[in-house]
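What follows is a set of notes on a single structure, which appears directly below.
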Amino acid sequence: MRGLSAVPSYVVMQPTTLCNLDCAYCYLPFRAADRRMPVAVAEAVAASVNPWAASGRFSVVWHGGEPLAAGRERLAALMAPFSAEVEHHVQTNATLIDDAWCEFFATHRIRVSVSVDGPRARNGDRVTRAGHPAYDRIVRGVAALRRHGLPFSALAVVNDPSPARAAELYAYFLDLGCEVLGVNIEETEGVNTRDNAHDAAAVTGFWAELVAAWRRDPRIHLREVEWSLRYAAAVLDGTADGLLPASLDPIPTVAYDGSVVVLSPELAGFTDPRHGDFSSGNVLATPLHTILAGAAGTGWVGEFLSGVEACRSSCPYFGFCGGGHAANRYFELGRFDGTETEHCRNSKIRLLEGVLDHARDHKSPGARAGDG
Ligand code: SF4
């Protein structure tokens, strides 16, 4: 895997910077301001995306802020320039979902992913702008999705990973009824400067217990665990070298004003004395495909690609990880060409170790007897 691919597998779009919640761990700098994306930005993005979607599966992920805070009329206008082949997704806090939104999702064939951190007691960081708990509003939105028979994914942020948390978390999401679950250990990035260092054994135990809970009842696609198992199986088959893509997916984020930041949505809206605003261009001035073709030449991206090469030569987890996330390096290390971060330890290294610990603990008695 070398360099950046010129064609992404999906584009992240920011229909508004506004979020109606004020979660303690949020990385977004302008979430109190309602800066909305003009339709001209969506038209410019669609001009590059529609040909990509004609030749293979392609997604647009409406992110935010809170994308539903843009309103149905604006979201429909922003989606209109995209061809029927483009898959649309929203990542939402679910608090605004009601019957009308469910009808909108069904009509526009939008796939929904909700952000919820587990049972009520684990959602203490999720609060409204007035500081009130948002949990009841979140579950009301999820109930609307279920009432309408709409499948959904879920994304949970875990801020105190421990073995005891894992079974509780998995049982909660089984009951919630999501099809896919992604688990993020809280990250130090953007305007969230909270420490994300955790006890190594606790984090490894968290992942090992999560695998155990999933194996007891694997009704949910558990994103991180399935990745790890696919990697472990490929190592055993001798095919792991073919798992990483030939080049990095640039994952462009198109901000409300048309500016494009590659690799890490979390960098959008920030500036740095060395790197400026991290943008590789603006779709109102340059076609997206042209911006991406030249994105590897953006100063900070070159620094990041040096960091990926440093990972390749120094980290035994590179074949699984592929070099990590740009924003984690920047916000934890202050540079893009460093290597190991707390995010690596929490969400890559200890994840793989937890999966392997689980496998070791559940070897068949025959295999154990043969252990040297
Ligand atoms: S785990 Fe961290 S140090 Fe290792 S390859 Fe991934 S980003 Fe690099």
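Start at 1 and go down the list; that is how both ligands and their atoms are numbered.
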Sub-4.0 Å atoms of ligand 1 with respect to non-hydrogen atoms of F318: 5 (S)

Under 4.0 Å from one or more heavy atoms of C321, ligand 1 contributes atoms 1 (S), 5 (S), 6 (Fe), 7 (S)

Geometric cation-pi criterion, R72 with W101: 6.0 Å, 45°: yes

Euclidean distance, Y317 OH relative to C311 SG, rounded to 0.5 Å: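 C311 atom SG to Y317 atom OH measures 13.5 Å (nearest 0.5 Å).
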
Taking 4.0 angstrom as the limit, do D98 and R140 come out as a salt bridge?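 Looking at R140 together with D98, the answer is no, because their closest N to O distance does not fall below 4.0 Å.
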
Are the charged groups of R350 and E353 less than 4.0 angstrom apart, N to O?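 Salt bridge absent between R350 and E353.
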
For atom 2 (Fe) of ligand 1, which of A310, G307, C344 has the closest heavy atom? C344

Looking at atom 4 (Fe) of ligand 1, is one of the N, O or S atoms of C315 less than 2.8 Å from it?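 Within the cut-off used here (under 2.8 Å), C315 does place an N, O or S atom near atom 4 (Fe) of ligand 1.
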
Backbone or side chain, does C311 get an N/O/S atom under 2.8 Å to atom 6 (Fe) of ligand 1? no

Evaluation steps, side chain to side chain donor-acceptor pair (under 3.5 Å), between T95 and N20: CA-CA 9 Å; T95 58; N20 58 324; 2.8 Å; yes

